[in-house]
K.L.:
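What follows is a structure written as C-alpha coordinates; I'll ask about it next.
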Amino acid sequence: MAGVSVQAFRRQGRRFGAGLVCSEMVSCAGLSHGNERTLGYLRIAADEHPLAVQIFGSEPEVMAEAARMVEDAGADLVDINFGCPVRKVTKTGAGATLLDEPDRACRIVAAVAEAVDVPISVKMRRGLEKGSRQCLAIGPKLVEAGAATLTLHPRSARQMYTGEADHSLTAELVELVDVPVVASGDIVSLAKAQSVLATTGAEAVMVGRAAQGNPWALRQIMGVDEEPSREEVAAELILFIRETARELGEHRATGFLKKFYGWYLGRGRFPRPFKQELTQLASLAEVEQRLLAAAPGARFVLERLEDDLPQGDEILLDLPISVYGGG
Ligand SMILES: Cc1cc2nc3c(=O)[nH]c(=O)nc-3n(C[C@H](O)[C@H](O)[C@H](O)COP(=O)(O)O)c2cc1C
(Lines give C-alpha, C1' and ligand atoms only; values in the text may rest on other atoms or scores of the structure.)
Protein backbone atom coordinates (compact mmCIF):
# COMPACT_ATOMS: atom_id res chain seq x y z
CA MET A 1 0.00 0.00 0.00
CA ALA A 2 1.44 3.29 -1.15
CA GLY A 3 2.27 5.51 1.81
CA VAL A 4 1.79 2.61 4.24
CA SER A 5 3.80 -0.52 3.36
CA VAL A 6 7.19 0.73 4.49
CA GLN A 7 9.70 -1.85 5.55
CA ALA A 8 8.66 -1.59 9.21
CA PHE A 9 5.09 -2.44 8.18
CA ARG A 10 6.17 -5.41 6.11
CA ARG A 11 8.46 -6.83 8.78
CA GLN A 12 5.70 -6.45 11.32
CA GLY A 13 3.28 -8.19 8.95
CA ARG A 14 5.63 -11.14 8.65
CA ARG A 15 6.06 -11.32 12.43
CA PHE A 16 2.30 -11.45 12.85
CA GLY A 17 1.79 -14.29 10.40
CA ALA A 18 1.49 -12.87 6.87
CA GLY A 19 2.73 -15.51 4.43
CA LEU A 20 3.83 -12.93 1.87
CA VAL A 21 4.23 -9.18 2.13
CA CYS A 22 4.36 -6.56 -0.60
CA SER A 23 6.16 -3.27 -1.06
CA GLU A 24 4.57 0.03 -1.90
CA MET A 25 4.16 0.46 -5.63
CA VAL A 26 7.40 1.56 -7.23
CA SER A 27 7.63 3.69 -10.36
CA CYS A 28 9.43 1.83 -13.14
CA ALA A 29 10.39 5.17 -14.68
CA GLY A 30 11.95 6.22 -11.37
CA LEU A 31 13.96 3.00 -11.23
CA SER A 32 15.01 3.26 -14.81
CA HIS A 33 16.20 6.86 -14.31
CA GLY A 34 18.18 5.72 -11.30
CA ASN A 35 16.20 8.11 -9.11
CA GLU A 36 17.84 7.76 -5.74
CA ARG A 37 14.62 7.98 -3.80
CA THR A 38 12.89 5.39 -5.96
CA LEU A 39 15.87 3.09 -5.64
CA GLY A 40 15.38 3.33 -1.89
CA TYR A 41 12.23 1.24 -2.28
CA LEU A 42 14.44 -1.67 -3.24
CA ARG A 43 16.00 -1.91 0.19
CA ILE A 44 14.99 -5.35 1.44
CA ALA A 45 15.61 -6.70 4.93
CA ALA A 46 16.51 -10.32 5.60
CA ASP A 47 13.36 -10.99 7.63
CA GLU A 48 10.90 -9.72 5.01
CA HIS A 49 11.03 -12.75 2.76
CA PRO A 50 8.99 -13.86 1.00
CA LEU A 51 8.49 -10.36 -0.37
CA ALA A 52 6.81 -9.08 -3.50
CA VAL A 53 7.88 -5.74 -4.93
CA GLN A 54 5.22 -4.04 -6.99
CA ILE A 55 6.08 -1.92 -10.02
CA PHE A 56 3.91 0.37 -12.10
CA GLY A 57 4.36 1.92 -15.51
CA SER A 58 3.10 1.75 -19.07
CA GLU A 59 6.12 0.91 -21.24
CA PRO A 60 6.91 -2.80 -21.56
CA GLU A 61 10.69 -2.32 -21.95
CA VAL A 62 10.94 0.06 -19.01
CA MET A 63 8.84 -2.28 -16.88
CA ALA A 64 11.13 -5.17 -17.88
CA GLU A 65 14.21 -3.19 -16.88
CA ALA A 66 12.59 -2.27 -13.56
CA ALA A 67 11.68 -5.92 -12.96
CA ARG A 68 15.31 -6.93 -13.44
CA MET A 69 16.35 -4.38 -10.83
CA VAL A 70 13.68 -5.68 -8.46
CA GLU A 71 14.91 -9.23 -8.93
CA ASP A 72 18.52 -8.18 -8.42
CA ALA A 73 17.51 -6.45 -5.19
CA GLY A 74 16.33 -9.83 -3.90
CA ALA A 75 12.54 -9.76 -4.26
CA ASP A 76 10.89 -13.17 -4.41
CA LEU A 77 8.15 -12.05 -6.75
CA VAL A 78 7.54 -9.12 -9.10
CA ASP A 79 4.02 -7.76 -8.87
CA ILE A 80 2.58 -5.55 -11.60
CA ASN A 81 0.09 -2.83 -10.73
CA PHE A 82 -2.97 -2.74 -12.99
CA GLY A 83 -5.18 -1.42 -10.23
CA CYS A 84 -4.12 2.04 -9.12
CA PRO A 85 -7.08 4.40 -9.66
CA VAL A 86 -5.26 7.60 -8.73
CA ARG A 87 -5.22 10.17 -11.52
CA LYS A 88 -1.55 10.98 -11.15
CA VAL A 89 -0.82 7.38 -12.17
CA THR A 90 -3.67 6.68 -14.61
CA LYS A 91 -2.96 9.81 -16.66
CA THR A 92 0.45 8.38 -17.49
CA GLY A 93 -1.23 5.28 -18.93
CA ALA A 94 -0.28 3.13 -15.92
CA GLY A 95 -2.28 1.45 -13.14
CA ALA A 96 -5.95 0.68 -13.70
CA THR A 97 -6.06 2.31 -17.18
CA LEU A 98 -4.21 -0.72 -18.50
CA LEU A 99 -7.28 -2.86 -17.82
CA ASP A 100 -8.84 -1.14 -20.84
CA GLU A 101 -5.72 -1.70 -22.93
CA PRO A 102 -5.39 -5.47 -22.92
CA ASP A 103 -2.79 -5.61 -25.69
CA ARG A 104 -0.42 -3.23 -23.95
CA ALA A 105 -1.11 -4.87 -20.58
CA CYS A 106 -0.20 -8.28 -22.05
CA ARG A 107 2.93 -6.88 -23.66
CA ILE A 108 3.98 -5.53 -20.27
CA VAL A 109 3.41 -8.89 -18.56
CA ALA A 110 5.21 -10.78 -21.33
CA ALA A 111 8.20 -8.40 -21.24
CA VAL A 112 8.47 -8.63 -17.46
CA ALA A 113 8.07 -12.43 -17.44
CA GLU A 114 10.78 -12.71 -20.07
CA ALA A 115 13.12 -10.42 -18.14
CA VAL A 116 13.21 -12.24 -14.79
CA ASP A 117 13.30 -15.73 -13.31
CA VAL A 118 11.13 -15.01 -10.27
CA PRO A 119 7.36 -15.42 -10.69
CA ILE A 120 5.24 -12.54 -11.94
CA SER A 121 1.93 -11.62 -10.39
CA VAL A 122 -0.61 -9.03 -11.46
CA LYS A 123 -2.80 -7.00 -9.15
CA MET A 124 -5.94 -5.59 -10.73
CA ARG A 125 -9.30 -4.00 -10.05
CA ARG A 126 -12.55 -5.23 -11.61
CA GLY A 127 -12.32 -2.53 -14.31
CA LEU A 128 -12.50 1.20 -14.71
CA GLU A 129 -16.20 1.95 -14.47
CA LYS A 130 -18.82 0.94 -11.97
CA GLY A 131 -20.12 -2.56 -12.69
CA SER A 132 -17.27 -3.33 -15.12
CA ARG A 133 -16.38 -7.00 -15.64
CA GLN A 134 -13.22 -6.23 -17.56
CA CYS A 135 -11.05 -8.22 -15.12
CA LEU A 136 -12.71 -11.38 -16.43
CA ALA A 137 -11.92 -10.52 -20.04
CA ILE A 138 -8.32 -9.57 -19.39
CA GLY A 139 -7.40 -12.06 -16.61
CA PRO A 140 -6.94 -15.16 -18.81
CA LYS A 141 -4.94 -13.10 -21.33
CA LEU A 142 -2.57 -11.93 -18.61
CA VAL A 143 -2.04 -15.53 -17.55
CA GLU A 144 -1.31 -16.51 -21.13
CA ALA A 145 1.18 -13.65 -21.29
CA GLY A 146 3.05 -15.00 -18.27
CA ALA A 147 1.34 -14.03 -15.00
CA ALA A 148 1.85 -16.83 -12.49
CA THR A 149 -0.86 -15.51 -10.17
CA LEU A 150 -3.56 -12.84 -10.23
CA THR A 151 -4.77 -10.74 -7.34
CA LEU A 152 -8.20 -9.19 -7.74
CA HIS A 153 -9.57 -6.25 -5.80
CA PRO A 154 -13.10 -6.34 -7.20
CA ARG A 155 -13.98 -2.66 -6.95
CA SER A 156 -13.87 -0.44 -10.01
CA ALA A 157 -11.28 2.31 -10.28
CA ARG A 158 -14.09 4.85 -10.20
CA GLN A 159 -15.32 3.40 -6.91
CA MET A 160 -11.96 4.01 -5.26
CA TYR A 161 -12.69 2.52 -1.80
CA THR A 162 -16.45 3.11 -1.59
CA GLY A 163 -19.06 0.36 -1.50
CA GLU A 164 -18.01 -3.24 -1.14
CA ALA A 165 -15.58 -5.50 -2.94
CA ASP A 166 -17.77 -7.81 -5.06
CA HIS A 167 -16.11 -11.18 -4.57
CA SER A 168 -18.58 -12.94 -6.85
CA LEU A 169 -16.22 -11.66 -9.56
CA THR A 170 -13.30 -13.28 -7.76
CA ALA A 171 -15.19 -16.58 -7.93
CA GLU A 172 -15.76 -16.11 -11.65
CA LEU A 173 -12.09 -15.31 -12.22
CA VAL A 174 -11.05 -18.46 -10.32
CA GLU A 175 -13.16 -20.49 -12.76
CA LEU A 176 -11.55 -18.86 -15.77
CA VAL A 177 -7.84 -19.24 -15.01
CA ASP A 178 -5.62 -22.14 -14.01
CA VAL A 179 -3.28 -20.11 -11.79
CA PRO A 180 -3.81 -19.22 -8.11
CA VAL A 181 -6.05 -16.21 -7.53
CA VAL A 182 -5.63 -14.01 -4.46
CA ALA A 183 -8.70 -12.20 -3.12
CA SER A 184 -8.20 -8.60 -2.01
CA GLY A 185 -10.83 -6.31 -0.56
CA ASP A 186 -12.58 -6.03 2.79
CA ILE A 187 -10.78 -8.97 4.42
CA VAL A 188 -11.07 -7.74 7.99
CA SER A 189 -11.61 -10.88 10.08
CA LEU A 190 -11.19 -14.64 10.17
CA ALA A 191 -14.90 -15.07 9.40
CA LYS A 192 -14.65 -12.84 6.33
CA ALA A 193 -11.46 -14.55 5.14
CA GLN A 194 -13.06 -17.97 5.54
CA SER A 195 -16.23 -16.98 3.72
CA VAL A 196 -14.32 -15.37 0.83
CA LEU A 197 -12.03 -18.41 0.49
CA ALA A 198 -15.00 -20.78 0.61
CA THR A 199 -17.22 -18.89 -1.82
CA THR A 200 -14.57 -17.94 -4.37
CA GLY A 201 -12.10 -20.82 -4.45
CA ALA A 202 -9.29 -18.26 -4.15
CA GLU A 203 -5.94 -19.66 -2.97
CA ALA A 204 -5.26 -16.84 -0.54
CA VAL A 205 -6.56 -13.59 0.83
CA MET A 206 -4.74 -10.29 0.92
CA VAL A 207 -5.18 -8.02 3.91
CA GLY A 208 -4.79 -4.29 3.39
CA ARG A 209 -6.41 -1.59 5.49
CA ALA A 210 -7.35 -3.91 8.34
CA ALA A 211 -3.66 -4.33 9.19
CA GLN A 212 -2.90 -0.62 9.31
CA GLY A 213 -1.87 0.03 12.90
CA ASN A 214 -3.42 -3.31 13.75
CA PRO A 215 -1.12 -6.26 13.13
CA TRP A 216 -3.32 -8.18 15.59
CA ALA A 217 -5.89 -8.38 12.78
CA LEU A 218 -3.44 -10.64 10.93
CA ARG A 219 -3.06 -12.83 14.00
CA GLN A 220 -6.84 -12.98 14.34
CA ILE A 221 -7.24 -13.94 10.68
CA MET A 222 -4.65 -16.68 11.28
CA GLY A 223 -6.91 -18.02 14.04
CA VAL A 224 -5.44 -16.49 17.23
CA ASP A 225 -8.08 -14.18 18.62
CA GLU A 226 -6.42 -12.26 21.45
CA GLU A 227 -6.93 -8.57 21.98
CA PRO A 228 -3.57 -6.90 22.60
CA SER A 229 -2.93 -5.21 25.94
CA ARG A 230 -2.27 -1.46 26.05
CA GLU A 231 1.38 -2.29 26.73
CA GLU A 232 1.63 -4.42 23.60
CA VAL A 233 -0.01 -1.73 21.49
CA ALA A 234 2.31 0.97 22.81
CA ALA A 235 5.37 -1.27 22.37
CA GLU A 236 4.50 -2.16 18.77
CA LEU A 237 3.88 1.49 17.98
CA ILE A 238 7.21 2.55 19.50
CA LEU A 239 9.05 -0.15 17.57
CA PHE A 240 7.26 0.97 14.41
CA ILE A 241 8.25 4.58 15.11
CA ARG A 242 11.91 3.65 15.66
CA GLU A 243 12.14 1.51 12.55
CA THR A 244 10.33 4.06 10.39
CA ALA A 245 12.58 6.85 11.63
CA ARG A 246 15.60 4.74 10.67
CA GLU A 247 14.11 4.02 7.28
CA LEU A 248 12.81 7.47 6.35
CA GLY A 249 14.83 9.77 8.53
CA GLU A 250 13.32 11.62 11.50
CA HIS A 251 11.90 14.49 9.47
CA ARG A 252 9.92 12.43 6.96
CA ALA A 253 8.92 9.88 9.54
CA THR A 254 7.38 12.56 11.77
CA GLY A 255 4.74 13.45 9.18
CA PHE A 256 4.37 9.93 7.87
CA LEU A 257 3.64 8.46 11.29
CA LYS A 258 0.79 10.80 12.24
CA LYS A 259 -1.88 8.73 10.54
CA PHE A 260 -0.59 5.63 12.30
CA TYR A 261 -1.24 7.06 15.78
CA GLY A 262 -4.98 6.97 15.19
CA TRP A 263 -4.78 3.51 13.64
CA TYR A 264 -2.85 2.06 16.58
CA LEU A 265 -4.50 3.88 19.43
CA GLY A 266 -8.13 3.78 18.25
CA ARG A 267 -10.49 0.85 18.70
CA GLY A 268 -11.06 1.94 22.31
CA ARG A 269 -7.46 1.13 23.22
CA PHE A 270 -6.56 4.63 24.41
CA PRO A 271 -8.70 7.71 25.11
CA ARG A 272 -9.48 9.72 21.99
CA PRO A 273 -7.64 12.98 22.85
CA PHE A 274 -4.43 11.00 23.37
CA LYS A 275 -3.92 10.46 19.66
CA GLN A 276 -4.45 14.18 19.03
CA GLU A 277 -1.90 14.95 21.70
CA LEU A 278 0.72 12.74 20.02
CA THR A 279 0.29 14.41 16.65
CA GLN A 280 1.05 17.80 18.26
CA LEU A 281 4.37 16.75 19.77
CA ALA A 282 7.46 18.17 18.11
CA SER A 283 9.73 15.13 18.10
CA LEU A 284 9.43 11.37 17.91
CA ALA A 285 11.36 11.08 21.16
CA GLU A 286 8.56 12.99 22.88
CA VAL A 287 5.95 10.73 21.29
CA GLU A 288 7.82 7.75 22.62
CA GLN A 289 8.07 9.24 26.11
CA ARG A 290 4.36 10.05 26.13
CA LEU A 291 3.50 6.50 25.09
CA LEU A 292 5.72 5.04 27.80
CA ALA A 293 4.13 7.33 30.37
CA ALA A 294 0.67 6.13 29.32
CA ALA A 295 1.67 2.45 29.36
CA PRO A 296 4.80 2.03 31.50
CA GLY A 297 4.92 -1.75 31.09
CA ALA A 298 5.45 -1.24 27.35
CA ARG A 299 9.14 -0.76 28.11
CA PHE A 300 9.54 -4.45 28.94
CA VAL A 301 7.48 -5.65 25.97
CA LEU A 302 9.59 -3.45 23.72
CA GLU A 303 12.84 -4.83 25.10
CA ARG A 304 11.64 -8.35 24.37
CA LEU A 305 10.54 -7.38 20.87
CA GLU A 306 13.85 -5.73 20.07
CA ASP A 307 15.81 -8.68 21.44
CA ASP A 308 13.89 -11.01 19.15
CA LEU A 309 14.47 -8.96 16.01
CA PRO A 310 17.21 -10.22 13.72
CA GLN A 311 20.13 -7.81 13.66
CA GLY A 312 20.90 -6.68 10.14
CA ASP A 313 23.04 -3.84 8.95
CA GLU A 314 21.01 -0.74 9.37
CA ILE A 315 21.56 1.77 6.64
CA LEU A 316 20.08 5.20 7.09
CA LEU A 317 18.37 6.08 3.85
CA ASP A 318 16.36 9.14 3.01
CA LEU A 319 13.49 7.22 1.49
CA PRO A 320 10.49 8.85 -0.13
CA ILE A 321 6.92 8.69 1.03
CA SER A 322 4.85 7.82 -1.98
CA VAL A 323 2.68 10.67 -3.13
CA TYR A 324 0.46 8.40 -5.17
CA GLY A 325 -1.65 6.35 -2.81
CA GLY A 326 -3.83 3.60 -4.08
CA GLY A 327 -4.58 0.49 -6.07
C1 LIG B 1 -3.54 3.81 1.33
C2 LIG B 1 -3.66 2.70 0.33
C3 LIG B 1 -2.64 2.51 -0.56
C4 LIG B 1 -2.72 1.46 -1.49
N5 LIG B 1 -1.69 1.28 -2.35
C6 LIG B 1 -1.71 0.24 -3.21
C7 LIG B 1 -0.60 -0.02 -4.06
O8 LIG B 1 0.41 0.69 -4.05
N9 LIG B 1 -0.70 -1.08 -4.89
C10 LIG B 1 -1.80 -1.89 -4.92
O11 LIG B 1 -1.82 -2.85 -5.68
N12 LIG B 1 -2.85 -1.66 -4.13
C13 LIG B 1 -2.83 -0.62 -3.27
N14 LIG B 1 -3.90 -0.41 -2.45
C15 LIG B 1 -5.06 -1.28 -2.54
C16 LIG B 1 -4.95 -2.45 -1.56
O17 LIG B 1 -3.87 -3.29 -1.95
C18 LIG B 1 -6.23 -3.30 -1.53
O19 LIG B 1 -6.44 -3.91 -2.78
C20 LIG B 1 -7.45 -2.48 -1.17
O21 LIG B 1 -7.20 -1.55 -0.14
C22 LIG B 1 -8.61 -3.39 -0.75
O23 LIG B 1 -8.22 -4.24 0.29
P24 LIG B 1 -8.55 -3.91 1.86
O25 LIG B 1 -10.05 -3.77 1.97
O26 LIG B 1 -8.02 -5.11 2.58
O27 LIG B 1 -7.87 -2.64 2.20
C28 LIG B 1 -3.85 0.62 -1.53
C29 LIG B 1 -4.88 0.84 -0.61
C30 LIG B 1 -4.79 1.86 0.30
C31 LIG B 1 -5.92 2.05 1.29
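Counting starts at 1 for both ligands and their atoms, following the listed order. If you're wondering where the values come from, they're calculated on a predicted model, not measured in any experiment.
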K.L.:
Out of curiosity, does Val207 fall in the hydrophobic cluster containing Leu197 (side-chain heavy atoms, cut-off under 4.5 Å, transitive links)?
P.N.:
yes

K.L.:
Do Gln7 and Glu48 meet the criterion of a side-chain donor-acceptor pair at a distance under 3.5 Å?
P.N.:
yes

K.L.:
Suppose I only count heavy atoms of Ser184 and a 4.0 Å limit; which atoms of ligand 1 are within that range?
P.N.:
18 (C), 19 (O), 22 (C), 23 (O)

K.L.:
Judged by non-hydrogen atoms, does Phe56 sit under 4.0 Å from ligand 1?
P.N.:
no

K.L.:
Could you check whether Glu236 and Gln12, counting side-chain N and O atoms only, form a donor-acceptor pair closer than 3.5 Å?
P.N.:
yes

K.L.:
Answer yes or no: is there a side-chain heavy-atom contact under 4.5 Å between Asn81 and Ile55?
P.N.:
no

K.L.:
For ligand 1, which atoms have a heavy atom of Met25 less than 4.0 angstrom away?
P.N.:
8 (O)

K.L.:
Show the atoms of ligand 1 that are less than 4.0 angstrom away from any heavy atom in Asn81.
P.N.:
9 (N), 10 (C), 11 (O)

K.L.:
Within 45° of the ring axis of Tyr261 and under 6.0 Å from its six-membered ring centre, is that where the NZ or CZ of Lys259 lies?
P.N.:
no

K.L.:
Which atoms of ligand 1 are found less than 4.0 Å from any heavy atom of Arg209?
P.N.:
21 (O), 24 (P), 25 (O), 26 (O), 27 (O), 31 (C)

K.L.:
Residue-level breakdown please: for Asp79 versus ligand 1, do any non-hydrogen atoms fall below 4.0 Å on the side chain, on the backbone, on both, or on neither?
P.N.:
neither

K.L.:
Can you list the atoms of ligand 1 that are under 4.0 Å from a heavy atom of Lys123?
P.N.:
10 (C), 11 (O), 12 (N), 15 (C), 16 (C), 17 (O), 18 (C), 19 (O)

K.L.:
Would you mind listing every side chain to side chain donor-acceptor pair (under 3.5 Å) that reaches into residues 282-294, with sequence neighbours excluded?
P.N.:
Arg242-Glu288, Glu277-Arg290, Ser283-Glu286

K.L.:
Check residues 214-221 and write down every donor-acceptor pair under 3.5 Å in which the side-chain atom is one partner and the other belongs to a residue at least two apart or another chain.
P.N.:
{"residue": "Asn214", "atom": "OD1", "partner": "Arg269", "partner atom": "NH2", "Å": "2.7"}
{"residue": "Arg219", "atom": "NH2", "partner": "Glu226", "partner atom": "O", "Å": "2.8"}
{"residue": "Gln220", "atom": "OE1", "partner": "Leu190", "partner atom": "N", "Å": "3.1"}

K.L.:
Could you list the atoms of ligand 1 found under 4.0 angstrom from a heavy atom of Asp186?
P.N.:
24 (P), 25 (O), 26 (O)

K.L.:
Kindly confirm or rule out an N or O of Met206 lying under 3.5 angstrom from an N or O of ligand 1.
P.N.:
no

K.L.:
So which bit of Met1 gets within less than 4.0 Å of ligand 1, heavy atoms only: side chain, backbone, both or neither?
P.N.:
both

K.L.:
Taking atom 1 (C) of ligand 1 as the point of reference, which of Gly3, Ala2, Gly83 owns the nearest heavy atom?
P.N.:
Ala2

K.L.:
Can you give me the closest heavy-atom contact between Ala282 and Thr254, atom names plus distance?
P.N.:
O-CG2, 4.4 Å

